[in-house]
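Input: a single structure, listed below in structure tokens.
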Protein chains: 2
Amino acid sequence: MRTDDKLYSITELAQEFDITTRTIRFYEDKQLLKPARRGNTRIYSGSDRIRLKLVLRGKRLGWPLDEIHEILQLYDQPGGEVQQLELMLSKISESRDALLVQREDIELALSEFDEIQIRCEQQLEILQKPKLHRSNQD
Amino acid sequence: MRTDDKLYSITELAQEFDITTRTIRFYEDKQLLKPARRGNTRIYSGSDRIRLKLVLRGKRLGWPLDEIHEILQLYDQPGGEVQQLELMLSKISESRDALLVQREDIELALSEFDEIQIRCEQQLEILQKPKLHRSNQD
DNA sequence: TGGTAAATTGACGTTATCGTAAAGGTCAAG
DNA sequence: CTTGACCTTTACGATAACGTCAATTTACCA
């Protein structure tokens, strides 16, 4: 449980994930991150880093930041109240549904790309071997 | 090949896909759609409708509109030039790579949601059957 | 032919997601 | 003590992706 006691500066994280420090501070503004402070300086723990990773994954999936904020709350320990837990469960199933739609969309796009690619390659073959065609017709 | 000679009005499409007509016109502004006109009124063909479907799928995948614009061009007939075809092939493989990353992200998110859900349900069981616990301890 | 429902354009507003610049604090090395 | 490398906050700007509203124009129907 105590394997991630490594700490990070804002520039370290920015470099690791190839984003700007401005972006990281912006996420903090939006309550997505809450790093500790030494004096005025932000210090990021291992779990802060994980949260940032989750944020970036959410971005890659096209979620807006406020949705990412909700999703992140799912990762925090559930309050323990029954209503809280049921709310969480319904949010999870909602998010899962959206993910399944996305996965379906991806499969469709991938197979369409396959078709387009095949057509492209066939066309290329025709264009790149014109002499074979001529010699066949001799 | 000639099975989609059905025509659509802008409101028909808006209702079918649950978007506003403003949105459809906006996409036209962005060159994503190019419907015919009867006088001043837009008329959408079957392939216009397919393009709109592709746009909306791209949106669900979180792509910005200008990327969607590029992807759409892949669906149009390739020019026939070798350079054109090779450019298309490289764009396809680029897009495919992005899709694979997204699919990976989705799988990760799904399995994490599964874990969270299981923890939630366990917690709920504990909270909803307190008397069984007590009677066990008698 | 009149009326009205629908379609169009244009201008401006809005929200999300940062970028950029200004103005300054901190801290270790020389 | 000063310099330079980071870090901070505040504020204003920029772009994408639409929404909203107003002013016209068009289409259709009795």
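Numbers restart at 1 for each chain; the letters A, B, ... are given by sequence-line order, proteins then strands. Please read all numbers here as calculations on a predicted model, not as lab measurements.
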Starting from P on D:dT25, measure out to CZ on B:Arg37 and report it in whole angstrom. 16 Å
Atom CD1 of B:Ile10 and atom P of D:dT26: how far apart are they, to the nearest Å? 17 Å
Is the shortest side-chain N/O distance from B:Lys59 to OP1 or OP2 of D:dC18 below 4.0 Å? yes
So what does A:Thr20 touch, heavy atoms closer than 4.0 Å: a base, only the sugar-phosphate, or nothing? sugar-phosphate
What is the distance, rounded to the nearest whole Å, between atom CD1 of B:Ile24 and atom P of D:dA17? 17 Å
In whole angstroms, how far is the P atom of C:dT9 from the CD atom of B:Glu28? 7 Å
Strictly distance-based, threshold 3.5 Å: is any side-chain N or O of A:Glu12 a donor or acceptor partner for the main-chain N or O of A:Ser9? yes
B:Asp48 side chain to B:Ser45 backbone, donor-acceptor under 3.5 Å: yes
Using atom CD of A:Glu12 as one end and atom P of D:dC6 as the other, report the distance to the nearest whole Å. 12 Å
So does A:Arg38 get a side-chain nitrogen or oxygen closer than 4.0 Å to the phosphate oxygens (OP1/OP2) of D:dT8? no
Separation of D:dC7 atom P from A:Ile43 atom CD1, nearest Å, is 11 Å
When you check the phosphate oxygens OP1 and OP2 of C:dA6, does a side-chain N or O of B:Ser9 lie under 4.0 Å from one of them? no
Contact under 4.0 Å: A:Arg22 side-chain N or O vs C:dT20 OP1/OP2: no
Rounded to whole Å, CG of A:Asp29 lies from P of D:dC12 at a distance of 15 Å
So, taking the atom named CZ in A:Arg103 and the one named CG in A:Leu110, what distance separates them when rounded to the nearest 0.5 Å? 12.5 Å
Per the atom types in the model, does the base of D:dT8 pair as donor or acceptor with the side chain of A:Arg25 at under 3.5 Å? no
Same apolar cluster: A:Trp63 and B:Leu108, side chain cutoff 4.5 Å: no
Phosphate-side-chain proximity, A:Tyr27 and C:dC18, N/O vs OP1/OP2 below 4.0 Å: yes
Has B:Thr11 got a side-chain N or O lying under 4.0 Å from the OP1 or OP2 atom of C:dA6? no
Starting from the 5' end of DNA chain D, give me the residue, B:Asn40 or B:Pro64, whose nearest nucleotide shows up first. B:Pro64
Give a yes/no on whether any side-chain N or O of B:Thr41 is located under 4.0 angstrom from OP1 or OP2 of C:dA6. no
Output the rounded distance in Å from CG (B:Leu65) to P (C:dA16). 17 Å
Side-chain H-bond candidate by donor/acceptor type, B:Thr23 with B:Thr20, under 3.5 Å: yes
